[in-house]
Amino acid sequence: MSLFRDDGIVLRTQKLGEADRIITLLTRRNGRVRAVARGVRRTKSKFGARLEPFSHVDVQFFARGGELIGRGLPLCTQGETIAPYGSGIVTDYERYTAGTAMLETAERFTDHEGEPAVQQYLLLVGALRTLAAGDHDPRLVLDAFLLRSLAVNGYAPSFDDCAKCGMAGPNRFFSVGAGGVVCGDCRVPGSVVPSRESLHLLGALLGGDWETADACEPRHCREGSGLVAAYLQWHLERGLRSLRFVDKRPDGTRAQPTPRI
């Protein structure tokens, strides 16, 4: 039997038995980890309140053998709150839906349990901190996180130089399969022609230029979000379940139509 300690973000929880839960976390040193937390669904459990989605926690695991990820799930025996990001997210519908899409994205990009994913972990912590603070539009924060997650996993899109031949930009056409903008000679079937403002916005989000991003017009934000969603779906090979709720109001109606490409 071995004890392991790590800090991580709670991605999701699943009911187990009468009072237990399976907690999925993205941790700093061990990547994605699933662990059993016993008794956390009891009403008097203070431990359970710390292990809710969006929570940044310092967790102790109890595992059989000398490795955290083995034949069975480790036990989550102790948890201390580092930052309760959920308190600034779950009370606002736009922040909540954007945050849920972030958690799902982080889980999808960490397919193998126990493999370190430090950059993805740091991206998620920073994105949830920014989202909870409410300093920027939630959809912009989400798109910035999605673009940077793609980049750290080797799928960085190009928004200026041609993604195929490297021709200096600006270039007009955008192709998710080609890896971003392409020149006229490299244009492939299915390419779209987004506005220059939308491409400039996406470049700003990828590079962390919030002054430019915050000043962007809503129509360009919507167009840019459509490009990001299509590009993400291409590389994940299927869409995010949670992304369909991002542009909807709490009553289920769509607030801002996302362009189809």
Side-chain angles (χ1 to χ4, degrees), residues 94 97-99 101-102 104-106 108-109 119-120 123-124 126-127 130-131 135-240 242-248 254-261:
E94 291 185 354
T97 53
M102 291 178 187
E104 185 180 352
T105 300
R108 292 282 296 278
F109 273 125
Q119 287 183 299
Q120 187 68 63
L123 272 178
L124 183 59
T130 302
L131 189 64
D135 295 332
H136 306 286
D137 182 276
R139 186 62 202 245
L140 290 179
V141 179
L142 171 60
D143 287 341
F145 172 76
L146 297 179
L147 287 171
R148 295 175 195 180
S149 292
L150 285 160
V152 301
N153 285 280
Y155 307 120
S158 173
F159 298 119
D160 190 33
D161 297 342
C162 178
K164 298 191 73 175
C165 71
M167 177 180 174
N171 289 288
R172 297 180 56 204
F173 307 103
F174 186 91
S175 169
V176 294
V181 294
V182 290
C183 64
D185 293 337
C186 296
R187 181 183 180 182
V188 296
S191 299
V192 295
V193 187
S195 66
R196 290 186 178 181
E197 292 84 356
S198 297
L199 293 175
H200 189 53
L201 165 65
L202 296 181
L205 291 175
L206 182 58
D209 181 0
W210 283 105
E211 183 177 355
T212 297
D214 289 336
C216 195
E217 295 182 19
R219 60 194 177 102
H220 298 138
C221 294
R222 291 193 294 269
E223 184 177 39
S225 291
L227 296 175
V228 174
Y231 193 81
L232 180 72
Q233 181 174 343
W234 172 271
H235 288 287
L236 289 180
E237 298 183 350
R238 59 188 175 94
L240 297 178
S242 52
L243 202 58
R244 71 187 71 173
F245 301 107
V246 171
D247 289 330
K248 290 184 179 179
R254 186 171 291 276
Q256 298 177 344
T258 298
R260 295 179 180 274
I261 65 173

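- In this view, Ala151 and Ala156, Leu206 satisfy the side-chain contact (heavy atoms from CB on, under 4.5 Å) rule, not counting sequence neighbours.
- To the nearest 0.5 Å, atoms CG (Leu202) and SG (Cys216) are separated by 8.5 Å.
- You'll find the side chain of Val182 stays beyond 4.5 Å of the side chain of Val188, heavy atoms only.
- For residues 189-198, the set of pairs meeting the side chain to side chain donor-acceptor pair (under 3.5 Å) definition, not counting sequence neighbours, comprises Ser195-Ser198, Ser195-Glu223, Ser198-Glu223.
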Quiz prompt | Chi angles and distances behind the side chain to side chain contact (heavy atoms under 4.5 Å, CB included) call for Val181, Leu199 | solution = CA-CA 9 Å; Val181 294; Leu199 293 175; 3.7 Å; yes

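- Across every non-hydrogen atom of Ala98 and Pro138, the tightest pair is CB-O, 3.8 Å.
- Every residue was checked against the side chain to side chain donor-acceptor pair (under 3.5 Å) condition with Thr130, not counting sequence neighbours, and none meets it.
- Taking all atoms of both residues into account, the shortest heavy-atom contact from Tyr231 to Gly180 is CE1-N, 4.1 Å.
- The list of ring pair (Phe, Tyr, Trp, His ring centres under 6.0 Å) pairs with a residue in residues 181-222, not counting sequence neighbours, reads His136-Trp210.
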Practice prompt. Just do the side chain to side chain contact (heavy atoms under 4.5 Å, CB included) check on Leu236 and Phe109 with the steps written out, would you?
Written response: CA-CA 8 Å; Leu236 289 180; Phe109 273 125; 3.9 Å; yes

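- Met102 CE to Leu131 CG: the interatomic distance, rounded to the nearest 0.5 Å, is 4.5 Å.
- Residue pairs meeting the salt bridge (charged side-chain N to carboxylate O under 4.0 Å, His left out) criterion with at least one member in residues 142-164, sequence neighbours excluded, are Arg139-Asp143.
- Once rounded to the nearest 0.5 Å, the distance linking CG of Asp214 with CG of Leu140 reads 6.5 Å.
- Under the side chain to side chain donor-acceptor pair (under 3.5 Å) criterion, Ser242 pairs with Glu104, not counting sequence neighbours.
- Remark: Cys221 SG to Leu205 CG distance equals 8.0 Å, nearest 0.5 Å.
- Remark: Tyr155 pairs with His235 by the ring pair (Phe, Tyr, Trp, His ring centres under 6.0 Å) rule, at least two apart or across chains.
- Residues satisfying the side chain to side chain donor-acceptor pair (under 3.5 Å) test with Asp209, not counting sequence neighbours, are Thr212.
- The side chain to side chain donor-acceptor pair (under 3.5 Å) contacts involving residues 166-188 comprise nothing, where partners must be two or more places apart or lie in separate chains.
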Verdict with reasoning, Leu147 to Phe159, per side chain to side chain contact (heavy atoms under 4.5 Å, CB included) | CA-CA 11 Å; Leu147 287 171; Phe159 298 119; 3.8 Å; yes

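- Under the salt bridge (charged side-chain N to carboxylate O under 4.0 Å, His left out) criterion, Glu217 pairs with Arg219, not counting sequence neighbours.
- With sequence neighbours excluded, the residues forming a side chain to side chain donor-acceptor pair (under 3.5 Å) with Gln120 are Ser149, Asn153, listed by chain and number.
- In plain terms, the two heavy atoms of Ala127 and Phe145 that are nearest each other are CB-CD1, 3.7 Å.
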Report task. Apply side chain to side chain contact (heavy atoms under 4.5 Å, CB included) to the pair Leu142 and Val228, showing each step before the final yes or no. Result -> CA-CA 10 Å; Leu142 171 60; Val228 174; over 6 Å; no

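- One finds the OG1 atom of Thr105 at 7.5 Å from the CG atom of Leu243 (value rounded to the nearest 0.5 Å).
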